[in-house]
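A quick write-up on the structure given underneath.
Numbering of ligands and ligand atoms starts at 1, following listing order. Throughout, residue positions are numbered sequentially from 1 according to the sequence presented.
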Amino acid sequence: MTLATRNQVWTALPPVQFDEERPLALNLDPTTERQLVARLFSRDFDDWSEVLSRLGFCANPIRLVGRSETFDTRTGELVRSYGSADEALGVTFTRCGNRRADKCESCSRLYAADTFQLIRAGIAGGKTVPETVADNPLVFATLTAPSFGPVHGTRPNGGRCRPRSDTGQRCTHGRPTSCMAVHGDDDPQVGQPLCADCYDYPSQVVWQWWAPELWRRFTITLRRLLAHHLGTTSGRLGEVASLQYAKVAEYQLRGAVHFHALVRLDGPQTPEGFAPAPPSVTAPVLAALVAQAATAVRVTAPPVHDDDPARVLAFGTQIDTRPVRSSRRTDDPDRSLTPEQVAGYLAKYATKSTGDTEAKDSTHLRRLEATARHLAGLSATLNEDGDAPYGLLGKWAHTLGFRGHFATKSRRYSVTLGQLRRARQRAQARIAEANRAGTRLDLRQLEAELLAEDNDETTVVIGSWTYVGSGWANGGETALAVAAAARAREYAQERAQRRRERTVGEWER
Ligand SMILES: [Zn+2]
Ligand SMILES: [Zn+2]
Ligand SMILES: [Zn+2]
């Protein structure tokens, strides 16, 4: 420590306000404030703040006790030994790793950064992904849910919400079927139904429940269409091409899930990676095939209960597919999406959740959740069996019926989050070792080595760990961590801003 660490923590604190220019406006209740001050003046504050800083100001760390020993698999020699008892606080803290920004800002930023790297490597290569992927056709596709009833929305170019010439028209519940307003982005009405009694809540929950199946069938359909285009069968597609994707699920304000996906066509797999994509499938051809597959796919959803209809489910009509060019191809004048933009979108979506939308407390989202619970109850009376199609719906009511993963990728799309995390852990150990020994590390070289090592592990870790709890000791410590994370983010943004300004300045010169 770490004077810097201490300053970073001190200046982030509302009651102390050492940094008079930028006091943080936090409203702490008296108890929390007392806990926080007690922590600041505690005897082991230095040790504690070092842990806090090492965890990147995680809001809800996991506490473990135990020991582990690392052996060299070739010689059987003990390489390293580590135990929580060696720590000044007697406990080992690890990050919570939560992807959601409303749960832990720090871990969610790390998750977004890793997701960005993963997506970007799948577009342009790097991080063990061969750079030849940059030459393969790539499409950015957005697959939406269909309409379950009109909702208020923003329109391009300041257009009106739902204009009609007969503005006096009412639904059977006596509510207007038109809306002449021009809604702003932060208008709480956006995403809310014009009439909640007309809105088809059960169908939205059922659609959401089957959305992962719709996606699965979409990928099967796309493979079939591709095979047909290449004059072969789905079963033999692998001999000429290989389809890779990364996808992220995002909630719209109306509580419906969207899929944003990057679809890449590679050639057949080879020992080094993959051969080039078949020349007859250009990015525009791939975009057309993706749109065709998304439009064609159907899932017949069984009724939830006795009085419920079977539903034929499809994606919404607002299917958007567009080719993405890699940065290596600068010959395209109307290039609309760059790898950085696409990776940035997907990384941002991946850390959002229903709880993060503006409409968090909206009547509409609450009603969707209540509908999911209600349907789960009705299906349970019909069927006691946990394997029944809607047997687990109640468990997914809080996600409005969506039970899929928020970010998924096919195996060979890119490096995995696990590889990136393990490489980071190894990097931290190496940097700590170099600091102790006073040697310098070539960080660029190090990353390549660390990622490559993942496939070629020469050590084995044997350990025994017990979970003792999660979170900081009290609200005061948590408030400190959260304030420090927010301040760290501000600093990072300012640094990025200065970098951008410098770059612009250089260009202008
Ligand atoms: Zn965390
Ligand atoms: Zn409106
Ligand atoms: Zn109505």
Query raised in the report: If you measure from the Lys or Arg side-chain nitrogens to the Asp or Glu carboxylate oxygens, is any gap between Arg487 and Glu490 under 4.0 Å?
Result: yes
Requested in this report: Nearest 10° is fine: what angle sits at the Zn ion (ligand 2) between NE2 from His183 and SG from Cys161?
Outcome: 100°
Requested in this report: Show the numbers, then the answer: is there a side-chain contact (heavy atoms from CB on, under 4.5 Å) between Phe402 and Trp207?
Outcome: CA-CA 9 Å; Phe402 181 63; Trp207 187 91; over 6 Å; no
Query raised in the report: Should Arg43 and Asp46 count as an ion pair when the cut-off is N to O under 4.0 Å?
Result: no
**Report entry** His152, N/O/S atom nearest the Zn ion (ligand 2)
**Finding:** ND1
**Report entry** Shell of protein N/O/S atoms around the Zn ion (ligand 1), taken as anything under 2.8 Å
**Finding:** Cys58 SG, Cys96 SG, Cys104 SG, Cys107 SG
Query raised in the report: Would you call Asp114 and Arg99 a salt bridge, taking side-chain N to carboxylate O under 4.0 Å as the test?
Result: no
Query raised in the report: Does NZ or CZ of Arg403 fall inside the cone over Trp209's six-membered ring, less than 6.0 Å from its centre and within 45° of the axis?
Result: yes
Requested in this report: Please determine, by modelled atom types, if Gln419 and Thr416 share a side-chain donor-acceptor pair under 3.5 angstrom.
Outcome: yes
Report summary line: The atom of His173 among N, O or S that is nearest the Zn ion (ligand 3) is ND1
Report task. Determine whether the aromatic ring centres of His364 and Tyr201 lie less than 6.0 Å apart. Result -> yes
